[in-house]
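Whatever order the structure lists ligands and atoms in, that order sets their numbers, starting from 1. As the structure is a computational prediction, the values presented were derived from the model and not from experiment. Every heavy atom of this structure was used, including side-chain atoms; hydrogens, water molecules and symmetry mates were not.
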Amino acid sequence: MDKLPSHLPSEPPRRKRAHLRSPLLAAAATLFSLGVLNLNFQSQGVKFVQVPINAAEIQHKCKLLDAKPGPPDDFHLRTVSDRFQPGTPPTLIRNATIWTGRVSGHEVVVGDLLLDRGIIQSLGDIPQSVLDAYNNLVVVDAEGAWVSPGIVDMHSHLGVDSAPALKGSDDTNSLKGLVLPWLRSLDGLNTHDEAYRLSVSGGVTTSVILPGSADAIGGQAFVIKLRPTVERSSSSMLLEPPYSLNNSDTEHLSRPRWRQMKHACGENPSRVYSGTRMDTIWAFRQGYDTARKIKESQDEYCQKALANQWDNLGDYPEDLQWEALVDVLRGRVKLSNEFKFSIAAFHHAHETYLVPDLVKKAHGTTPAVALFATNGRYKREAYRGSEFAPRILSDNGLRVVMKSDHPVLNSRHLVYEAQQAHYYGLAENLALAAVTSTPATVIGQDHRIGFIKTGYDADVIVWDSHPLALGATPKQVFIDGIAQIAQPFSVKKAAPLQRAPETPNFDKEMEDTLKYDGLPPLQPIKDYSGIVTFTNVSSIHLRHGRSIREVFSASVEKRAGKVIIERGHVKCAGHCSEDAVAHGSRRINLHGGSISPGLLTYGSSLGVTEIQMESSTNDGDVFDPLTGKVPSIVGGDGSIIQAVDGLQFDGRNSLSAYRFGVTTGIVAPTSSGFLSGLSTAFSTGVAHRMVEGAVLQNVTALHVTVGHSKASVSTQIATLRRLILGGGDGDLAVRFHQVAEGELPLVIEVHSADIMASLIHLKQEAEHRSGNIIKMTFSGASEAHLLAKEIGENGVGVILSPSRPFPSTWQSRRILPGAPLTEQNAVAVLTANNVTVGLGVEEAWAARNLRFDVGWSALQTNGQLSKSEALALASTNLEILLGLNTENSDLVATQGGDLISFEGKVISVVSPGRGVVDLF
Ligand SMILES: *[C@@H]1O[C@H](CO)[C@@H](O)[C@H](O)[C@H]1NC(C)=O
Ligand SMILES: *[C@@H]1O[C@H](CO)[C@@H](O)[C@H](O)[C@H]1NC(C)=O
Ligand SMILES: *[C@@H]1O[C@H](CO)[C@@H](O)[C@H](O)[C@H]1NC(C)=O
Ligand SMILES: *[C@@H]1O[C@H](CO)[C@@H](O)[C@H](O)[C@H]1NC(C)=O
Ligand SMILES: *[C@@H]1O[C@H](CO)[C@@H](O)[C@H](O)[C@H]1NC(C)=O
């Protein structure tokens with residue numbers, strides 16, 4: 001592809017020249033176009049000036065050129081929303097704890113909330129006389145629950161990058177040039193994206209739908225509300241679209257509405273167009289120069305038009321391709337910038353926290369910064385991304401927004417981004433604002449959404465716990481006053497947290513992040529000193545063979561516990577006498593924290609990659625014998641690759657995982673085809689492979705993928721059948737023989753229930769022939785709940801990855817979403833059918849969050865799982881499913897709270913295998 005788009009015009013913009021030069025033509029025109037021109041004879045009688053028939057309209061348009069966008073002056077007098085759906089009953093939400101977003105996010109009103117005609121009519125103490133006026137009021141008793149404004153996602157590709165992903169519905173990026181300001185995300189919006197209802201069930205009510213970031217200027221973004229409309233059209237989802245959309249600009253007398261546009265700088269456009277950042281910036285400059293020329297000619301034209309100098313003036317100069325960019329220059333467009341090009345907000349912006357003063361120097365209003373909480377390091381520009389960025393930016397007075405980039409992150413869980421930002425230090429008021437009032441303000445819609453105020457849109461969420469508590473789930477979501485979940489299911493949480501979690505102190509980590517320019521050292525401090533005593537311990541979970549048991553609970557015992565460690569080994573846990581402990585040995589007060597088994601991560605390429613999009617930092621893909629050729633020097637089709645040979649240690653994702661309690665990883669060779677190879681188990685916290693205990697087990701399992709790819713699914717299953725029944729060659733045949741003998745687990749990455757059914761048949765067939773039980777594990781397994789009974793009966797294990805499902809592809813579309821949409825989730829259904837279940841992650845950056853995935857899963861299973869069983873999902877169960885037989889007894893100590901909550905902080909890893917206590 002060209003480095004520069006070919007269609008950028010080098011000549012001035014085309015103008016229609018309707019005005020007339022020759023007297024003859026003028027006379028003819030007079031005859032033919034009386035309907036078009038007014039003739040205005042001037043007193044001298046020598047020359048006449050043609051005043052266009054629409055002169056008043058033109059002058060009106062010219063006067064509006066300097067008008068800044070915003071709602072009409074009388075907007076707040078409205079009593080009914082333009083989006084009101086007739087027939088929607090008025091609703092009273094009684095006894096709510098309402099976070100309004102006002103007073104910088106500090107106001108909480110306890111009382112009632114009245115929704116009618118699409119807007120919030122009243123809140124707080126609502127007089128009975130007001131309520132008496134309604135005869136069909138729907139009353140919802142919130143029983144004191146938290147109510148917040150609907151979530152506003154400022155960066156989403158919902159509807160353009162649809163689920164399930166199909167070639168026919170990918171409208172994310174146009175590849176027709178670097179600068180495409182004339183494209184509109186609305187024109188590609190798919191009303192049948194499965195994700196709308198899922199995101200709504202997570203509380204998202206409004207999203208800005210952006211084109212992708214393949215282009216420097218990808219096109220215009222549009223604000224939509226996510227609810228289905230009666231009209232079922234994409235345009236009926238729009239919130240305050242610009243009047244230019246239907247050419248009614250000039251009908252609207254006061255002021256225009258805000259428009260939105262996507263700009264992307266940096267790696268993405270450079271990659272797509274095989275160019276450099278220099279090329280991208282030149283494309284911007286060229287585009288803006290074209291727009292500037294048009295703007296100047298418009299200004300010149302209007303100066304004359306407003307002075308009634310119509311002579312030879314002709315038509316108002318404009319160009320459909322460039323009008324949006326001209327509006328940018330007129331300050332009417334909220335720019336959404338990926339990296340460095342400022343107006344409304346910098347999105348992704350992984351390094352802004354390192355340069356807050358530079359951000360403040362941006363022209364005009366200081367841009368807000370729209371971030372992920374912990375999704376980072378996937379490309380060079382994201383490598384210094386930090387979990388402390390939201391706090392650092394807000395400490396510097398910058399506005400912080402948390403965004404999904406849906407489907408990069410599933411926007412259903414956007415509130416989780418705010419929760420994590422809060423965990424790492426962003427203040428409670430700002431964390432809630434970061435997904436509600438701040439984005440509403442940044443996109444220019446704060447006159448109607450993002451707050452709970454009288455006269456605002458009736459977009460509100462009733463939560464089952466405090467929205468910043470882990471696993472907080474909406475009980476109901478209203479958009480335009482319409483309840484969105486027909487039959488909501490509530491999770492029965494044992495003790496829902498009805499306040500924001502008391503999060504740990506990360507001052508030191510934050511300071512180090514700044515001191516080391518975003519790359520603070522992550523290696524632990526090693527204590528080989530002999531004896532370490534943990535005091536003031538609330539709960540102790542230890543492994544007992546292949547399960548986990550709670551061996552001490554302060555709430556049961558009515559007093560705090562102790563754990564004594566000697567050279568990495570537990571000497572005593574619970575009630576310990578310290579008589580034998582040497583004076584002066586290290587004592588660590590856990591302040592009500594916990595001791596739990598170290599977690600195990602599987603599913604991402606952690607261990608064989610560092611920066612996902614930089615091939616030079618990764619082990620790379622294996623050759624796939626099914627769809628390509630394996631070189632004979634490797635061993636041809638009979639070869640099999642071992643991940644242990646490609647292990648990389650000391651990476652930032654590994655060390656981060658270690659610091660957050662994930663002490664072990666299992667990784668298979670990276671493959672984009674059918675055959676992956678042999679996985680290995682390693683420690684995430686060591687410097688290199690020669691360290692004692694760096695590799696826990698050289699070979700753990702054999703890994704293949706069965707799903708949509710170059711070879712048909714049936715071909716893949718036929719291949720697997722042949723290999724299991726003894727038809728392969730070389731080392732591959734040896735390994736498949738071990739599988740058939742039940743010695744080596746076979747881990748199959750598979751999402752579709754139909755494929756799982758074929759695999760279960762294959763397992764039965766092979767077992768029938770050999771008399772051995774094959775150890776088979778399905779990984780990914782989005783649709784496994786559909787076959788829970790059969791999977792359980794056939795002794796197959798399941799690793800759910802992602803642990804919170806999303807219908808990203810056709811083969812993974814039949815998910816069980818869990819509350820509030822369904823009563824149960826996949827973990828609950830599979831566990832109830834005696835399936836051994838593990839939790840996986842898809843990307844290496846996400847390994848560190850496994851502890852929260854565990855906590856969240858435990859909360860979502862209606863109390864079906866004990867804490868021990870929840871911890872097993874990401875430790876002992878995974879060991880069974882992935883063939884790790886080596887004793888792995890790492891323990892994790894947390895301070896302030898337990899491992900799987902937002903109140904605990906991991907401060908130490910105890911490793912008997914390595915004979916060490918690591919301190920952070
Ligand atoms: C509101 O709900 C809480 C929690 O259920 C309850 O204790 C309180 O009495 C309720 N208040 C009113 C006014 O109904
Ligand atoms: C054009 O769109 C605006 C904004 O949605 C709306 O108010 C107006 O009625 C529309 N006009 C026509 C002619 O459809
Ligand atoms: C134990 O931890 C709790 C919770 O932080 C704290 O209130 C208490 O003072 C601590 N006790 C001791 C003896 O340090
Ligand atoms: C892994 O294999 C190597 C030989 O390749 C061996 O030296 C090492 O002890 C093995 N490691 C484990 C944990 O079994
Ligand atoms: C699960 O296993 C238990 C104990 O082995 C058994 O009693 C129960 O019937 C099994 N449940 C299902 C659904 O198979």
Open item on the list: Once ring-ring contact (aromatic ring centres under 6.0 Å, His included) is applied, do any residues pair with H466, and if so which ones, sequence neighbours excluded?
Closed with: W146
- [ ] Using ring-ring contact (aromatic ring centres under 6.0 Å, His included) as the criterion, list what pairs up with F736, not counting sequence neighbours.
- [x] none
Task: Ligand-residue contact atoms, ligand 5 with A832, heavy atoms, under 4.0 Å - done: 13 (C)
Open item on the list: Looking at R848 and E387, is any side-chain nitrogen of the basic one under 4.0 Å from a carboxylate oxygen of the acidic one?
Closed with: yes
Task: Close-range residues for ligand 4, whose non-hydrogen atoms fall below the 4.0 Å threshold - done: V695, L696, N698
Task: Charged tip of K905 within 45° of F506 ring normal and under 6.0 Å - done: yes
TODO: Kindly write out the residues that satisfy ring-ring contact (aromatic ring centres under 6.0 Å, His included) with Y602, not counting sequence neighbours, or none if the list is empty.
DONE: H703
Task: Cationic N near anionic O, under 4.0 Å, R914 to E692 - done: no
Open item on the list: Within the 4.0 Å heavy-atom shell around N589, which atoms of ligand 3 are there?
Closed with: 12 (C), 14 (O)
TODO: Flag the pair F660 / F852 as yes when their ring centroid distance falls below 6.0 Å, and as no otherwise.
DONE: no
Open item on the list: If the cut-off is 4.0 Å to any non-hydrogen atom of G592, which atoms of ligand 3 fall inside it?
Closed with: 2 (O)
